[in-house]
Protein chains: 6
Amino acid sequence: MVSDHPATVPPVDESEATGKVAAIFADIKKIKQIEFVPLFWRTLAVNPIQLEIVWTALKALMHPESVSRSSRLDPQVREIIALAVSATNACPYCVNSHTAALQRLGLDQEALGEVMAIVGLFNMTNSLANGYQIEPDIRPSPK
Amino acid sequence: MVSDHPATVPPVDESEATGKVAAIFADIKKIKQIEFVPLFWRTLAVNPIQLEIVWTALKALMHPESVSRSSRLDPQVREIIALAVSATNACPYCVNSHTAALQRLGLDQEALGEVMAIVGLFNMTNSLANGYQIEPDIRPSPK
Amino acid sequence: MVSDHPATVPPVDESEATGKVAAIFADIKKIKQIEFVPLFWRTLAVNPIQLEIVWTALKALMHPESVSRSSRLDPQVREIIALAVSATNACPYCVNSHTAALQRLGLDQEALGEVMAIVGLFNMTNSLANGYQIEPDIRPSPK
Amino acid sequence: MVSDHPATVPPVDESEATGKVAAIFADIKKIKQIEFVPLFWRTLAVNPIQLEIVWTALKALMHPESVSRSSRLDPQVREIIALAVSATNACPYCVNSHTAALQRLGLDQEALGEVMAIVGLFNMTNSLANGYQIEPDIRPSPK
Amino acid sequence: MVSDHPATVPPVDESEATGKVAAIFADIKKIKQIEFVPLFWRTLAVNPIQLEIVWTALKALMHPESVSRSSRLDPQVREIIALAVSATNACPYCVNSHTAALQRLGLDQEALGEVMAIVGLFNMTNSLANGYQIEPDIRPSPK
Amino acid sequence: MVSDHPATVPPVDESEATGKVAAIFADIKKIKQIEFVPLFWRTLAVNPIQLEIVWTALKALMHPESVSRSSRLDPQVREIIALAVSATNACPYCVNSHTAALQRLGLDQEALGEVMAIVGLFNMTNSLANGYQIEPDIRPSPK
């Protein structure tokens with residue numbers, strides 16, 4: 001599962017993690033209900049502050065129940081946002097993991113295709129609005 | 001409402017539109033239930049094929065009922081995708097119009113803030129996964 | 001030619017396509033004069049509306065003669081635009097396919113290098129103009 | 001023509017330029033056959049090396065005759081690449097100046113609209129190919 | 001200083017802030033040693049969780065002494081990274097505020113110009129490496 | 001070390017380089033004190049002008065001592081900018097080579113992690129400032 005060149009830095013092995021990193025690794029597995037710590041988190045662990053900042057933010061926003069917060073968006077919508085951003089930014093790791101997450105949340109291939117079609121549509125309209133430098137004529141109301 | 005420099009090309013005035021352009025302008029107002037044709041569409045009209053292609057795509061994906069199609073996503077989710085993409089691409093026109101659309105669809109400021117926080121989170125994680133060149137270890141299952 | 005992980009969703013096999021998807025697959029091969037349906041289109045086919053929207057747009061703009069339209073740009077210029085956008089967006093699939101298309105249209109390596117050098121130049125100047133927030137002092141004339 | 005906040009740094013005034021900066025300013029006006037030095041160049045002049053590097057590159061690629069080089073692309077195509085990149089990168093200064101340049105080179109509004117429609121199309125397909133992580137199945141031939 | 005359309009949502013006024021938002025506003029002014037809460041933070045406050053996540057991350061990384069952490073990078077280098085990213089992403093607010101921060105930290109116009117020239121250079125090389133799809137032949141050593 | 005598909009064009013072999021290309025290849029090895037010409041430069045060599053423009057710019061900015069220029073930034077800071085831009089632009093070749101360069105300049109994994117965390121932070125704040133269209137309220141002073 002892990003290639004010869006998993007990243008530009010050597011990911012921290014779960015068995016080698018200590019202190020704060022070990023605690024966050026355990027929390028990731030518990031909150032996400034997974035058996036192993038994904039490469040993304042093991043890579044961030046090269047700098048424990050970085051791991052803590054990103055995990056704290058992601059936990060609060062994507063697993064709100066774990067911090068006793070109620071979200072206004074359901075889990076599928078939150079992952080759809082993640083996929084839309086990742087497709088736009090050309091992030092291979094992220095596209096794979098968020099598509100897998102949506103699949104686990106029950107989004108089937110056709111609905112995924114609709115999400116992607118809309119992502120594609122607005123990447124088109126964005127480049128048009130920016131390419132013509134069209135000034136906003138529709139604005140949110142201040143209240 | 002229209003500034004001195006609304007775009008790099010002169011938008012087509014509704015009163016000057018004829019033929020295919022006039023028909024699409026009328027369709028835009030009918031489908032979107034608005035009183036005027038937004039600058040975005042009036043600008044695309046400098047080339048009627050362009051106007052037709054973009055409107056056909058947007059109508060099919062964002063107003064599926066108008067083409068007798070049933071969408072798997074509700075209108076708010078579709079606009080949330082539009083906003084997530086537009087924020088990531090730095091498109092002033094698009095951010096304004098999709099935020100306004102979400103507001104009309106009943107998304108309040110706090111929920112909008114949650115959408116944006118998630119958009120911000122994944123712009124962060126995308127740059128990290130790409131910046132370390134982390135290879136995917138979580139992939140969607142083939143079925 | 002097809003790797004073990006060709007995409008996050010299973011591309012539709014030509015032999016399995018039916019109805020609208022089969023018709024579009026046939027049209028793609030006819031219009032592009034190719035023997036097989038590229039992975040890009042087979043992947044979009046997970047959602048037939050998506051396939052239809054993207055193919056309709058691409059056919060109209062990149063194969064104008066097939067829709068009885070006359071283009072103001074020659075085929076090589078249209079593919080050069082495609083490559084310039086794809087290089088800027090970091091799209092591996094797109095860079096490969098549009099470079100191959102330009103090669104088929106007779107652009108040799110040195111001229112391709114000139115295209116790319118210009119793409120690189122304006123990615124540099126764009127980041128400078130945006131990085132200093134320079135306001136436009138040269139604008140198109142309104143007519 | 002110059003706003004109150006033309007940039008994050010004070011552009012160098014033509015009347016204050018000396019030495020290498022003055023020489024480059026004169027060369028810009030001569031090569032581009034314009035009466036004033038655009039803000040872009042006056043801003044880069046806050047660091048003379050920067051001004052020299054960017055002007056040398058742009059002069060060689062966009063004004064090849066001035067360095068006794070023959071280009072494989074005509075001036076309109078070179079400016080079309082500039083606009084395609086600038087629209088994709090969301091650069092207001094660049095979109096305005098390259099659209100104006102295309103206008104001076106005789107590209108009319110409808111043809112400009114065709115350029116932009118193609119730019120929009122490939123921003124859509126790029127996000128789709130990246131959003132599905134489709135692997136290249138069409139590659140340029142090695143020769 | 002504040003325009004008629006400062007954002008797509010109404011920023012929270014300092015005088016109206018209560019609870020967690022008021023506490024973070026006070027912390028921002030104390031840590032950054034400024035007299036007013038910038039629009040960025042007042043806008044994020046439409047959703048208090050968002051404000052808290054972003055401020056916690058920025059405080060830890062950009063004001064490490066305030067969380068008893070020692071940074072390996074000096075404050076000017078940290079702001080240079082901020083500016084490089086903001087120029088690349090075309091963010092007007094961010095380019096302005098990070099350029100101002102660098103100015104306060106003593107970076108003069110010529111050195112700022114050197115930073116920007118390097119930002120421009122690598123936006124050029126990035127689009128070239130991506131535009132040719134060059135595969136890495138220089139990798140960090142695993143240690 | 002070189003894969004089967006190193007790029008969309010065949011890189012120029014060192015043994016086949018002649019004239020200007022050979023001279024630049026020799027200069028690259030001398031200035032960078034390396035034993036072989038990296039794929040990036042061998043690929044740019046498909047068009048000698050392109051190779052010359054990019055190498056001249058990179059040499060002047062990243063190896064200032066070689067052109068008798070004094071830089072205001074130390075070599076590590078210059079490479080940090082390169083990495084920040086490359087991570088933001090999703091450039092695999094560039095991320096690998098600039099991370100390797102930083103490693104050679106003595107930046108250890110933890111400090112690299114701090115650089116990346118800051119890159120991630122500002123990709124987040126950029127998308128938020130752009131996603132809310134917050135107007136600048138902090139500007140550099142004109143001096």
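Reminder, nothing fancy here: chain letters follow the sequence lines and each chain counts from 1.
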side-chain contact (heavy atoms from CB on, under 4.5 Å) between B:Q50 and D:E114, worked out: CA-CA 7 Å; B:Q50 173 180 231; D:E114 191 178 348; over 6 Å; no
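- Screening residues 58-91 of chain D for ring pair (Phe, Tyr, Trp, His ring centres under 6.0 Å) gives no qualifying pairs among residues at least two apart or on separate chains.
- Taking 4.5 Å as the limit, some side-chain heavy atom of B:P10 sits within range of a side-chain heavy atom of D:Q109.
- Heavy atoms of D:M124 lying under 4.5 Å from chain B are absent altogether.
- Distance check: D:L112 CG to B:N47 CG gives 9.0 Å after rounding to the nearest 0.5 Å.
- Residues of residues 20-30 of chain D placed with any heavy atom under 4.5 Å of a heavy atom in chain B are absent; none qualify.
- Counting only residues at least two apart or on different chains, no disulfide (SG to SG under 2.5 Å) pair has a member in residues 13-42 of chain B.
- Going from atom OG1 of B:T8 over to atom CE of D:M116 covers 7.5 Å, rounded to the nearest 0.5 Å.
- Taking non-hydrogen atoms and a 4.5 Å limit, the residue list of residues 82-98 of chain B in contact with chain D, ordered by number, reads B:N89, B:A90.
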